[in-house]
Amino acid sequence: MQRTFVVGCPRSGTTIVQAMLARHPQVFTLPETGFFPRLLGGLHCRLGDEEARPRSRKMARRLGLTRRYGRREFMQLQQSLLGPEQPLSRAPWFQDDCVARFIEILDGLAEQGGRSMWIEKTPHHLHYLPEIERYLPEARVIHVIRPGIDVLASITDAEMRYGNKSFSGGLMQWVVRWNRAAEVHRSRIGTRNHHFIFLEDLMQNPAEEWHRLCSFLELPTQVELDQTCHQNIADLKTEPWKRDALSGLPQQTESKVDHLFGPQLRELLRERLASYEELYAASSLFFNREDSFPPVVPVRSLDADTAEAAGAAAADGHFRVA
């Protein structure tokens, strides 16, 4: 069973990548589990939030015992994954056993669906890569990256439109969070089993990016894809901002930056945000791609014919894979 994690900053485009992969007949995927933050805690500290302080590790943690809160969260997650009718085992006392049980559950769900791979997409798992790499050294990780100022505009829009508290905190806090995410992304450039997708590339060249992604995951491209994403990957009642992404068909959308931020604020944000261009260029050096930023042009939706055509588009062998 192949295991893959899709990570990134919230509102960076991780859902569209997950929905694209959900259309492949060999891929099983599911709604965000938030497994590692729920089990291990400490998310706000890892995000770089100013008010968060690292907690001293108690003897129980040093011994590998699971926190009481983590065990409770594990039981809730286990029930949501297996369903209320399934008998549930008690939450393991040790963290290693919790992780092993989590992997076992996802492996089992994928096998029940006749799939050879599962993909878990929780953006904040980006900040738990050390644990993921320790427990699952052969797992593959897909980094989805979008310009920081676009992420901030999308988060601001989602907060105002839907009033979701997960997007609250103010622009400066999200500047820090995006900068921290950029640091983590950059630390994994050139690392084995890590693949980078820049959202602008996906929008402009969906066939080429699809071919590169399938090459990284060792997924065949000469297969019939579902016309849309039929797997359950989000609850639109609680996550309505994901509606447009759930089709799994990349489409260019209008930037919210100019509509939401005035010239002075845009300039301030760009000064404080880590350089997206430098991150893009650093990735280019390792993955044999041109360091350029072509103008945005409308693209066709990715369908089975487009995926097949990707073989010709990437015939020169330049794949951005680790």
Side-chain angles (χ1 to χ4, degrees), residues 2 4-9 11-27 29 117 119 121 123 126 140-147 150-151 185 188-191 193-229 233 244-253 255 276-277 279-322:
Q2 183 169 304
T4 301
F5 293 85
V6 179
V7 300
C9 192
R11 306 298 293 157
S12 62
T14 53
T15 301
I16 185 62
V17 172
Q18 180 189 23
M20 286 173 58
L21 288 167
R23 298 173 58 205
H24 197 286
Q26 292 187 14
V27 172
T29 189
M117 170 193 306
I119 290 178
K121 190 274 292 183
L126 175 70
R140 307 191 187 194
V141 180
I142 301 167
H143 298 248
V144 184
I145 306 174
R146 185 182 185 187
D150 289 333
V151 169
H185 286 310
R188 294 309 193 278
I189 292 176
T191 302
N193 283 352
H194 288 256
H195 178 78
F196 289 75
I197 294 179
F198 289 85
L199 192 62
E200 62 177 332
D201 290 346
L202 182 62
M203 296 299 105
Q204 295 165 16
N205 301 300
E208 183 177 353
E209 291 302 308
W210 173 252
H211 195 281
R212 286 173 172 163
L213 181 57
C214 288
S215 177
F216 170 70
L217 296 175
E218 299 181 43
L219 284 172
T221 56
Q222 304 301 321
V223 296
E224 183 177 354
L225 302 178
D226 291 339
Q227 289 300 309
T228 188
C229 168
I233 64 174
D244 293 340
L246 291 186
S247 67
L249 303 170
Q251 295 183 3
Q252 186 65 50
T253 58
S255 173
Y276 168 80
E277 290 77 10
L279 182 60
Y280 189 104
S283 171
S284 302
L285 293 175
F286 278 92
F287 300 122
N288 195 17
R289 50 160 304 138
E290 293 184 1
D291 176 17
S292 60
F293 295 88
V296 175
V297 295
V299 297
R300 294 190 294 122
S301 298
L302 181 65
D303 52 23
D305 294 333
T306 307
E308 183 176 357
D316 60 353
H318 297 316
F319 300 105
R320 190 167 73 236
V321 298

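From a predicted model like this one, the values you see are computed outputs, not experimental measurements.
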| What are the two closest non-hydrogen atoms of C229 and L246, and how far apart are they? | CB-O, 2.9 Å
| query | Rounded to the nearest 0.5 Å, what separation is found between the CG atom of D150 and the CD1 atom of I145? | reply | 13.5 Å
| task | Look at the side chain of R140 and the backbone N and O of F216, then say whether any donor-acceptor pair between them is shorter than 3.5 Å. | result | yes
| Who pairs with H185 by ring pair (Phe, Tyr, Trp, His ring centres under 6.0 Å), at least two apart in sequence or on another chain? | H143
| Looking only at heavy atoms, which two atoms of P250 and M20 are closest? And how far apart? | CG-SD, 3.6 Å
| request: Verify side-chain contact (heavy atoms from CB on, under 4.5 Å) between L217 and I142, making sure each step is shown before the conclusion. | output: CA-CA 9 Å; L217 296 175; I142 301 167; 4.1 Å; yes
| task | Grab the two heavy atoms, one from H195 and one from R212, that are nearest each other, plus how far apart they are. | result | CE1-O, 3.9 Å
| What pairs with Q2 under side-chain hydrogen bond (donor to acceptor under 3.5 Å, both in side chains), at least two apart in sequence or on another chain? | none
| note | The reported gap from CG in D244 to CD1 in I16 (rounded to nearest 0.5 angstrom) is 9.0 Å
| message | I need the F5 CZ to Q18 CD distance, nearest 0.5 Å. | response | 12.5 Å
| Minimum heavy-atom distance L199-G13, with the two atoms named | CD1-CA, 4.2 Å
| said: Nearest 0.5 angstrom please: L21 CG to W210 CH2, how far? | reply: 5.0 Å
| task | Could you tell me whether a side-chain N or O of S247 sits under 3.5 Å from a main-chain N or O of T228, the two making a donor and an acceptor? | result | no
| request: State, to 0.1 Å, how close A22 and D226 come at their nearest heavy-atom pair, and which atoms those are. | output: O-OD2, 4.2 Å
| said: Can you confirm whether P220 sits close enough to H24 that some side-chain heavy atom of one is under 4.5 Å from a side-chain heavy atom of the other? | reply: yes
| query | How long is the gap from CZ on R188 to CG on L126, to the nearest 0.5 Å? | reply | 8.5 Å
| task | Rounded to the nearest 0.5 Å, what's the gap from OG1 on T14 to CZ on R146? Could you check? | result | 10.5 Å
| Do side-chain atoms of R23 reach the backbone of G248 as a donor and acceptor pair under 3.5 angstrom? | yes
| F198 versus S283, closest heavy-atom pair with distance | CE1-OG, 3.5 Å
| said: If we check side-chain contact (heavy atoms from CB on, under 4.5 Å) with I119, which of these qualifies: I233, T4, V17? | reply: T4
| V151 and Y276: CA distance, side-chain angles, deciding distance, side-chain contact (heavy atoms from CB on, under 4.5 Å) verdict | CA-CA 11 Å; V151 169; Y276 168 80; over 6 Å; no
| message | Any side-chain to backbone donor/acceptor pair from S284 onto Y280? Under 3.5 Å, distance only. | response | yes
